[in-house]
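Quick notes on the structure that follows.
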Amino acid sequence: MFKAILFDVDGTLAETERDGHRVAFNRAFADAGLDWNWGEALYGELLTVTGGKERIRFFIDEHQPEYPAQSDEAAWIAGLHKAKTKHYLELLAQGAIPLRPGVRRLLDEARAQGLRLAISTTTTPENVTGLLEATLGKESLDWFEVIAAGDIVPKKKPAGDIYVYALEAMNLRPEECLAVEDSANGVLSARDAGVPVLVTDNAYTQADEFNGALAVLSDLGEPGQPVAVRTGSGPKSGYVDCAYLHSLAQAV
Ligand code: XBP
Ligand code: MG
C-alpha cells in the first residue's frame, strides 16, 4: 500500500543549485576575501560531492592544493558555509528560486488524497524552511510530517541515512513510500534505504546514471505541459499525478 511521498529538495522541488547555492557560495568567498569563483561548469563537477561543507573541502583538496591550511580548517570551512547559508536565504527571500513545474500541483493533489509527505535532503534545515516559506508560504511547513535535512544523520547521500531517518520517524516501511529525486546520489540514497524512486532530472543531472530508478522524467509536468520520458513508463496524463505514482508503486 503506497502511503507516502518522500521529496528531495535541491534540483527536485526547485532548481536551487546554479542560481541559488552556487551564487551564495561565491558571495561568501568574496566576503572572506577569497578569489575563488565557482562557475556553472565547475559547480557541476563539484555537485558530485553532496553537502556544502564537504563540497568546499573537496574544492580545496582538488583545486586549491596550495591554499595555506587554516589552524582549525573544519571551523573555518563551517564559518564560510554559514556565511553562504545567509546569502542563500537572502536569495530565497528575494524570490530568486521558483518551484519546478508540477511541484505545487502534485503537493496539493497528494494532500487532498491523504498521501503522507516528507522531505529527505542533504541541504541545511534552514534552507528547506526558507524555500518552502518563499515558494509555498509558512503554512506549508506543516504539510510535511518530517523534514529530514543536513547534518541530522552521520552519512550524507549517496548513503541512505536521510531516507532511513524519515522512514523511522514516520514509522513506515520503504515499500510503502516513493521518493522523488533529481540526482544519481539521490537515487543511490533512496535505493540504499530500499525506497522506490522516481527521477525528475535537470541540466546538472541529465547525464547521471539512474540505475534502480522506476522512471526518469524531465520534470513533474503540468496539464498542457507534458513531461519528456527518459526511461521507464511515463504518466498517461502527460504529467505526474497521484494515479501515476500509485501505478509506479504497484509495479515495484
Ligand atoms: C543537495 C546538496 C546540498 C546542496 C547545498 O541536496 O548536496 O549540499 O547542494 O546545500 P539534496 P548545503 O539532497 O536536496 O539534493 O550547502 O546546505 O549543504
Ligand atoms: Mg537533489
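Along the sequence shown, residues carry numbers from 1. Both counts, for ligands and for their atoms, begin at 1 and track the order of listing.
Put simply, the residue from Thr50, Thr121, Asn185, Asp151 that forms a side-chain hydrogen bond (donor to acceptor under 3.5 Å, both in side chains) with Lys156 is Asp151.
The side chain of Glu17, and not its backbone, has at least one atom closer than 4.0 Å to an atom of ligand 1 (non-hydrogen atoms only; side chain from C-beta on). Contacts of Ile162 with ligand 1, taken as heavy-atom pairs under 4.0 Å, are absent altogether.
Counting protein heavy atoms only, atom 14 (O) of ligand 1 is closest to Thr121 OG1, 2.5 Å. Among protein heavy atoms, the minimum distance from atom 18 (O) of ligand 1 is reached at Gly52 N, 2.8 Å. Protein heavy atom nearest atom 6 (O) of ligand 1, with residue, atom name and distance: Asp10 OD2, 3.1 Å. Regarding atom 17 (O) of ligand 1, its nearest protein heavy-atom neighbour is Thr124 OG1, 2.6 Å. Counting only heavy atoms of the protein, atom 10 (O) of ligand 1 lies nearest to Thr123 OG1, 2.8 Å. Atom 8 (O) of ligand 1 has as its closest protein heavy atom Gly51 N, 3.0 Å.
Taking CD1 from Ile152 and OG from Ser120, the interatomic distance works out to 9.5 Å, rounded to the nearest 0.5 Å. To the nearest 0.5 Å, atoms CG (Leu13) and CZ (Arg104) are separated by 12.5 Å. Here the NE2-CG distance, from His87 to Leu92, works out to 13.5 Å after rounding to the nearest 0.5 Å. In this structure, Leu42 CG and Glu62 CD are separated by 11.0 Å, a value rounded to the nearest 0.5 Å.
A salt bridge links Asp8 with Lys157; the closest basic N to acidic carboxylate O contact falls under 4.0 Å.
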Kindly indicate, with the supporting measurements, whether the criterion side chain to side chain contact (heavy atoms under 4.5 Å, CB included) is fulfilled by Arg105 and Tyr239.
CA-CA 10 Å; Arg105 174 188 51 73; Tyr239 55 89; 3.4 Å; yes
Check against side chain to side chain contact (heavy atoms under 4.5 Å, CB included), Arg57 and Asp61:
CA-CA 6 Å; Arg57 172 77 272 157; Asp61 296 345; 2.7 Å; yes
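Computed with the Mg ion (ligand 2) at the centre, the Asp182 OD1 to Asp10 O angle is 90°, stated to 10 degrees.
At a 4.0 Å cut-off, at least one heavy atom of Arg55 sits close enough to ligand 1 to count as contact. Contact between Gly11 and ligand 1 is absent, with no heavy atom of the residue lying under 4.0 Å from the ligand.
In terms of N/O distances under 3.5 Å, ligand 1 is approached by Asp8. Checking only distances, Leu47 never comes within under 3.5 Å of ligand 1, N or O to N or O. Geometrically, ligand 1 and Thr50 share no nitrogen or oxygen pair separated by less than 3.5 Å.
Judged by the 6.0 Å and 45° rule, Lys84 forms a cation-pi pair with Tyr88.
Taking the side chain as every heavy atom from C-beta outward, Phe59 and Gln64 approach each other to under 4.5 Å. Side chains of Leu6 and Ile119 form no contact here, defined as non-hydrogen atoms less than 4.5 Å apart.
Taking all heavy atoms of Arg22, His81, His21, Glu54 into account, the minimum distance to atom 16 (O) of ligand 1 is reached by His81.
Nearest N/O/S atom of Asp8 with respect to the Mg ion (ligand 2) is recorded as OD2.
Ligand-side atoms of ligand 1 in range of Lys84: 5 (C), 10 (O), 12 (P), 16 (O), 17 (O), range being under 4.0 angstrom from any heavy atom. When each atom of ligand 1 is checked for a heavy atom of Val9 under 4.0 Å away, the hits are 14 (O). Within the listing of ligand 1, atoms 17 (O) sit less than 4.0 angstrom from a heavy atom of Asn127.
Around atom OH of Tyr165, no more than 12 heavy atoms belonging to other residues, nucleotides or ligands sit under 6.0 Å away.
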